[in-house]
Amino acid sequence: MSLFASDKNLAMELVRGTEAAVMASGRWMGRNNKNEVDRSAVEAMRYMLNTVDMDGTIVIGEGEKDEAPMLANGEKLGTGNGPEIDIAVDPIDGTRLMAMGLGGAISVVAAAERGSMFSPENLFYFQKIATGPDAADFIDIDAPVHVNIRRVARAKNKSIDDITVIMLNRPRNEAIREEVCKTGARIRLISDGDVAGALSTCWNDGATADLLLGSGGSPEAVITACALKCLGGGMQCKPYFRNEEDEENAKARGMDKHTVLELNDLVKSDNVFFAATGASDGDLLKGISYQGAHMHTWSLCMRSRSGTVRYIEAIHSPKKLSQLGSAISYGPTHQG
């Protein structure tokens, strides 16, 4: 069954998976156990997404790059009754943030027609440039940093020193950071979570950044592309090689350091669904709140075809959710 066979907004179903991942992993916040954050989020998301009427295949999974618990590439999700779709998951984008008790972690799922998502496979890192709708047509990953900043500033009717560039705080991005500094633009460094970082460039009101630059994970790039399709943003990527093995892996796929992947190369479909739930408080979404008798979550759902963005504030009963099965683990509990 094609996604085009009905006008159903699948994102409204996918958000149940991100909510479950956050509820299950949230008890581990600040406990310095990244593996348990991952494990609980993966198990809960898998359990919930398997209740959705869809014939899903994971294209962007958990674990290939970080050797984390699997929602593995190629794994089937859903009841098997429904549209044939590609699925991209990141049960917690920012597991280290959650484990350390820091803000900005989110849970994300994206979906599109079968065969429409780019599969990075063993290409683990991309060089990235991304921005919101106002400047989407003006970025060029092959252009110098100062050129892209000037173009974004012009598109947004800002001065260069009003532009904020967001990037992962990694040694490999230091040269780009120095180039940004020379322009006079502002820099916002993030320790993890460049999906949320890219989305921070997209809001007309309240955007906390104007341009994302630097290298980051390739799975996150595809997930980001799905979100940007829904929001009208722009993105380009190039393979980033850490070593000769990375370069050989790219060469085997007919790619090299000059290969540019546009938004439509990362996700071809114009009918893309995206859902995210806040795990810990960030610019994009509030994190989960535990209130004793209930849990409180904040999510967003988006669909590219309609351009609709929905914010969902939900109250959940721990007792009710525990009945979903042992796959959803709420983590450690405090015995008073």
Side-chain angles (χ1 to χ4, degrees), residues 110 112 118 125-168 172-190 193-218 220-240 255 257-270 272 274 283-284 302-309:
F118 177 84
Y125 291 91
F126 281 162
Q127 195 74 27
K128 308 175 187 180
I129 183 170
T131 191
D134 290 345
D137 295 332
F138 301 98
I139 56 173
D140 180 358
I141 199 168
D142 286 326
V145 168
H146 69 89
V147 171
N148 277 303
I149 291 175
R150 187 171 65 248
R151 289 176 176 175
V152 170
R154 186 180 300 120
K156 293 193 164 197
N157 196 29
K158 288 185 173 184
S159 63
I160 288 178
D161 56 4
D162 287 337
I163 293 294
T164 300
V165 176
I166 192 166
M167 67 175 68
L168 285 172
R172 63 178 183 263
N173 289 331
E174 188 59 32
I176 295 175
R177 181 182 180 183
E178 291 176 0
E179 289 298 313
V180 174
C181 286
K182 291 177 183 178
T183 70
R186 304 168 72 238
I187 299 174
R188 182 179 175 201
L189 295 175
I190 52 176
D194 64 347
V195 175
L199 292 183
S200 71
T201 70
C202 288
W203 312 112
N204 290 329
D205 296 317
T208 56
D210 301 287
L211 182 67
L212 177 135
L213 293 173
S215 62
S218 56
E220 290 85 352
V222 178
I223 294 172
T224 299
C226 292
L228 292 177
K229 272 247 177 164
C230 296
L231 292 168
M235 183 178 191
Q236 296 173 354
C237 298
K238 296 171 73 170
Y240 177 86
M255 303 171 68
K257 65 181 181 180
H258 302 294
T259 302
V260 176
L261 298 173
E262 304 278 353
L263 197 62
N264 285 331
D265 296 316
L266 296 169
V267 56
K268 299 175 184 177
S269 176
D270 66 352
V272 180
F274 180 90
D283 293 333
L284 183 64
M302 304 189 290
R303 184 183 188 184
S304 64
R305 173 176 279 185
S306 63
T308 303
V309 178

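Between Thr208 and Trp203, every side-chain heavy-atom pair lies at or beyond the 4.5 Å cut-off. Counting heavy atoms from C-beta on, the side chains of Arg177 and Leu189 come closer than 4.5 Å. Taking 4.5 Å as the limit, some side-chain heavy atom of Gln127 sits within range of a side-chain heavy atom of Ile176. Contact annotation: the side chain of Ile141 never approaches that of Phe126 to less than 4.5 Å [non-hydrogen atoms, C-beta and beyond]. Between Lys182 and His146, the closest side-chain pair of non-hydrogen atoms is not below 4.5 Å.
Within 6.0 Å of CG in Asp161 there are more than 12 heavy atoms belonging to other residues, nucleotides or ligands. Surrounding CZ of Arg151 are more than 12 heavy atoms belonging to other residues, nucleotides or ligands, all under 6.0 Å away.
Closest approach of Thr201 and Ala198 over heavy atoms only: OG1-O, 2.7 Å. When all heavy atoms of Pro133 and Cys202 are compared, the closest pair comes out as CD-O, 3.6 Å. In plain terms, the two heavy atoms of Gly193 and Leu168 that are nearest each other are N-CD2, 4.2 Å. Heavy-atom minimum distance, Ile187 versus Cys181: CD1-SG, 3.5 Å. The two atoms that bring Thr131 and Asp210 nearest to each other are OG1-O, 2.7 Å, heavy atoms only. In terms of heavy-atom proximity, Met302 sits nearest to Cys230 at CB-CB, 3.6 Å.
Partners of Asp142 under the salt bridge (charged side-chain N to carboxylate O under 4.0 Å, His left out) rule, at least two apart in sequence or in another chain, are Lys238. Every residue two or more places apart in sequence or in another chain was checked for a side chain to side chain donor-acceptor pair (under 3.5 Å) with Asp265, and none qualifies. By the salt bridge (charged side-chain N to carboxylate O under 4.0 Å, His left out) test, Lys229 pairs with no residue at all, sequence neighbours left out.
Of the charged side-chain nitrogens involved, at least one lies within less than 4.0 Å of a carboxylate oxygen, so that Asp283 and Arg188 count as a salt-bridged pair.
A donor-acceptor pair under 3.5 Å is absent between the side-chain atoms of Asp140 and the main chain of Asn148, judged by distance alone.
Under 3.5 Å, the side chains of Asn173 and Ser215 contain a donor-acceptor pair of N or O atoms.
We find the CG-NZ distance between Leu261 and Lys128 to be 12.0 Å, quoted to the nearest 0.5 Å.
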